[in-house]
There are 2 protein chains.
Amino acid sequence: MATLGDLERAVMDLLWEHPEAITANTLRDLLSQRSSGADARPLAVTTVLTVLSRLEKKGLVERERSIRPHRYRAVTSRADHTAELMLEVLGSAPDREAVLARFIGTVSEGEAETLRKLLGRD
Amino acid sequence: MATLGDLERAVMDLLWEHPEAITANTLRDLLSQRSSGADARPLAVTTVLTVLSRLEKKGLVERERSIRPHRYRAVTSRADHTAELMLEVLGSAPDREAVLARFIGTVSEGEAETLRKLLGRD
DNA sequence: CATAAATTCTACGTCTTGTAGAAGTTCAAG
DNA sequence: CTTGAACTTCTACAAGACGTAGAATTTATG
């Protein structure tokens, strides 16, 4: 897998917020709103298209080619994607448990509670 | 923070394995052994030095400039570094709990047990 | 078929990383 | 102090990832 650039990330965030597949133009509009500073200038649609193609190649985005203005949507949910990334970072190191220890030491009490529930006993 | 390249990663791995600060030359030798394929050719020392400088700039490596062949060592342990990366990936998303749920669903039973202990009750 | 809309190609500047030679610095021995 | 070897810093370049978008091509539709 890999890391995403800023624009790629912004596009993924929007796709994650929109479960229904959307068009490149819609995406461009959403991106414009989001980045509304005095610096304005919206991206060219081709820019958005290029980014979408790259994300598709990376397996993060799927597109429907059957309808004309193609529709794009994220392949996985943001939560799944993030969890996968975390596992990738955790890797298969010999010190996995040590890493988990450090990690657990940092989550909030509320999250710790959630984790306890999730871990239940079985 | 960021992601490390292959060589940067290899260097960090060696530094993590060697708690005592070591020299660039030692590192180069260790790297040579490690990558002993039929492809041989060891890296130039300057290459190792460049990588070390970059890692230093990134805050991952510290060097002692007082003694002549400078000594290098990792600033944090691998476990700490990895845990930090995981937290960075987890980020401050609104769906942190959902991410944790996915994440927990993937660890081994042994690790789950470790996590239960770490989370204790309080 | 002409045309507007949409998609794909091609391209370029910047940044990161692997790689290392050239140039400068330092220290110990003579 | 001078010199030479060891060491470090500078400078450089190729390749790949990303942001960005114009040029060229494809596709419906009147």
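Labels below follow one simple rule: chain letters A, B, ... track the order of the sequence lines, proteins then strands, and each chain is numbered from 1.
The shortest distance between the side-chain N/O atoms of B:T47 and the OP1/OP2 oxygens of C:dA20 is below 4.0 Å. In terms of phosphate contacts, B:R41 brings a side-chain nitrogen or oxygen within less than 4.0 Å of OP1 or OP2 of C:dA20.
Protein atom CG of B:L49 is 15 Å distant from nucleotide atom P of C:dG18, rounded to whole Å. Computed from coordinates, the B:L31 CG to C:dT19 C1' distance equals 13 Å when rounded to whole Å. Rounded to whole Å, atom C1' of C:dT7 lies 15 Å from atom CG of A:L27.
Protein chain A touches strand DNA chain D; the 5'-most and 3'-most nucleotides with an atom under 4.0 angstrom of its non-hydrogen atoms are D:dC18 to D:dT27.
Sequence order on DNA chain D of the closest nucleotides to A:E8 and B:V45 puts B:V45 first from the 5' end.
Of the possible polar contacts, one joining the B:R96 side chain to the B:G91 backbone as a donor-acceptor pair under 3.5 Å is found.
Side-chain contact between B:F103 and A:L87 is present, with heavy atoms from C-beta onward closer than 4.5 Å. A:L85 is not listed as a side-chain neighbour of A:T3, based on a closest heavy-atom distance of 4.5 Å or more. Residues B:R73 and B:I22 have side chains not in contact (no heavy-atom distance under 4.5 Å, counting atoms from C-beta outward). Using a 4.5 Å heavy-atom cutoff, the side chains of A:L27 and A:T23 are not in contact. With a 4.5 Å cut-off on side-chain heavy atoms, B:L115 and A:L115 do not count as touching.
Contact annotation: side chain of B:T50 to base of C:dA20, donor-acceptor pair present below 3.5 Å.
Annotation: proximity of residues 54-70 of chain B to DNA chain C (heavy atom, distance under 4.0 Å) is found for B:R54, B:K58, B:R68, numbered in ascending order.
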Could you pull out every donor-acceptor pair under 3.5 Å between side chains of residues 7-14 of chain A and any protein atom, sequence neighbours left out?
from	atom 1	to	atom 2	distance (Å)
A:E8	OE1	A:G5	N	2.9
A:E8	OE1	A:K58	NZ	3.0
A:E8	OE2	A:K58	NZ	3.0
A:D13	OD1	A:R78	NH1	3.0

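Note on B:E56 versus B:R65: salt bridge recorded, some NZ/NE/NH1/NH2 to OD/OE distance being below 4.0 Å.
Backbone-only contact: B:L43 has heavy atoms under 4.0 Å from sugar-phosphate atoms and none from a base.
What you find for B:S53 and B:R63 is that their closest heavy atoms are OG-NH2, 3.3 Å.
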